[in-house]
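Below, each value reflects all heavy atoms present in this structure, side chains not excepted, and no hydrogens, waters or symmetry copies. All values derive from a computational prediction rather than experimental measurement. Letters go in sequence order (proteins before strands), and every chain restarts at 1.
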Number of protein chains: 2
Amino acid sequence: MNKNKVISPFKPASHQHQKCLKSAIDAAKKHCELSGLRLTPIRQRVLELVWQNHEPVKAYDILDNLKKGKSSSAPPTVYRALDFLQDEGLVHKIESLNAYVGCNNPKELHNSQFFICDDCGAVAELDDVDIRELLQKKAHRFGFRIADEMVEIKGQCKECHESGV
Amino acid sequence: MNKNKVISPFKPASHQHQKCLKSAIDAAKKHCELSGLRLTPIRQRVLELVWQNHEPVKAYDILDNLKKGKSSSAPPTVYRALDFLQDEGLVHKIESLNAYVGCNNPKELHNSQFFICDDCGAVAELDDVDIRELLQKKAHRFGFRIADEMVEIKGQCKECHESGV
DNA sequence: AATGTAATGTTATAATATAACATTTATGGA
DNA sequence: TCCATAAATGTTATATTATAACATTACATT
Ligand SMILES: [Zn+2]
Ligand SMILES: [Zn+2]
Ligand SMILES: [Zn+2]
Ligand SMILES: [Zn+2]
């Protein structure tokens, strides 16, 4: 019984991203409904923009896109929406890039491990019990109590290094 | 044969920090000498300021301190020194805090794992082969080639949660 | 409708980091 | 020693990322 999850794998270039997007928005709607939270138009729009693709998106890029629809948007518009989405597990921040990725597994807040391709920018997200347990074990040895884990691994995805040379 | 290293443990409150500082500067001098690099006064001063304690230090705090000695310092002064020190493994950046910690193990560049206490701010640094190998194994499964690892674990150090309640 | 709370609008500013170019300082060879 | 070069630093300006503070609007409950 292994609870390791691949929350979001690297996608083949051919994949139908519209489906990713739709299912992410649907999941977010359902999650908010169940939790009695409001997925307001701004929040939904920001979430859609984060889900443009499988690469981390910058807050000010989101802002630029928001402004195209509604010129009154300002930084707090974006950061508030991102804060809400992060609190609900609908978005994660990639600390080493100051950028944000969508997550379609909001049911339970989780600590993820991210694998980020330096070449194409794609991100894969795992929720891997083996990694969590190992970190837990290491921490336990010196009496450290883990509250939050940040694991961001940079390198090359399969496609990129296979096509690379 | 286990190559796991505790590069920097959590220190007892009583520890003689002057010794940490001195040995870190000495190690840096030796490292630069061996590598034919120049640990200039600015670089050494920045390194000393990073080693003020075992908490991550902010670039602009370093800058404020530099200015006390020499009012001509500006952001590039600090960031250039930090870049140099990071390239040489004398300093690491904690991405999730936008802050910098000293490393007294510059001989070989390494990927570290950081454990950071949310309460007292102290940081412990490991260079743990078990963690690296597990991440490697996980990455390998989907053909990912690791170039760089960021592992930053937040929580409470032993002292803080023992004294906490 | 009256009230309280949540969300958004708006302006300003804080915090982090880099670009670009000028000047100075070290270094190694003629 | 002197010069040519590269390395390091100085200086000014600006880019990027994020938050503070307060006003206004929308929503839900009574
Ligand atoms: Zn997709
Ligand atoms: Zn790639
Ligand atoms: Zn110390
Ligand atoms: Zn602590």
Generate the contact string for nucleotides 12-21 of chain C. Rules: B means base contact, S means sugar-phosphate contact only, - means no protein heavy atom under 4.0 Å.
----BBBBB-
note: A/Asp61, atom CG; D/dA18, atom P; distance rounded to Å ~ 12 Å
Single-linkage hydrophobic cluster B/Leu47~B/Leu63, side-chain heavy atoms < 4.5 angstrom:
yes
Got a donor-acceptor contact below 3.5 angstrom from the B/His17 side chain to the B/Trp51 backbone?
yes
Should the heavy atoms of other residues, nucleotides or ligands under 6.0 Å from CD of B/Gln52 be counted, would the total exceed 12?
yes
Taken to the nearest whole Å, CG/B/Leu82 to P/D/dA8 is 15 Å
In whole angstroms, the gap separating C1' of D/dC27 from CD1 of A/Ile42 amounts to 14 Å
To the nearest angstrom, the CZ-C1' distance between B/Phe84 and D/dA6 comes to 15 Å
Below 4.0 angstrom from OP1 or OP2 of C/dA6, is there any side-chain N or O of A/Arg38?
no
Over how many whole Å does the gap from A/Leu39 atom CG to C/dA6 atom P extend?
18 Å
Find the distance between CG (B/Leu49) and CD1 (B/Ile62) and round it off to the nearest 0.5 Å.
6.5 Å
How many angstroms lie between SG in B/Cys157 and CZ in B/Phe115, if you round to the nearest 0.5 Å?
13.0 Å
Could you state the CZ-C1' distance from A/Arg43 to D/dC27, rounded to the nearest angstrom?
12 Å
Mind listing the side-chain donor-acceptor pairs of residues 97-106 of chain B below 3.5 Å, one per line with the distance, residues two or more places apart or on another chain?
none

note: A/Gln44, atom CD; C/dA7, atom P; distance rounded to Å ~ 15 Å
Nearest whole Å is fine: how far is D/dC27 P from A/Leu37 CG?
16 Å
Picking from D/dG10, C/dG9, C/dT27, the nucleotide nearest the side-chain atoms of B/Ser72 would be D/dG10
Which donor-acceptor pairs under 3.5 Å do the side chains of residues 75-90 of chain B make with protein atoms, sequence neighbours left out?
{"unit_1": "B/Thr77", "atom_1": "OG1", "unit_2": "B/Ala74", "atom_2": "N", "d": "3.1"}
{"unit_1": "B/Thr77", "atom_1": "OG1", "unit_2": "B/Ala74", "atom_2": "O", "d": "3.0"}
{"unit_1": "B/Glu88", "atom_1": "OE1", "unit_2": "B/His31", "atom_2": "NE2", "d": "3.0"}

Would you indicate, yes or no, if D/dG10 has its OP1 or OP2 atom less than 4.0 angstrom from a side-chain nitrogen or oxygen of B/Ser73?
no
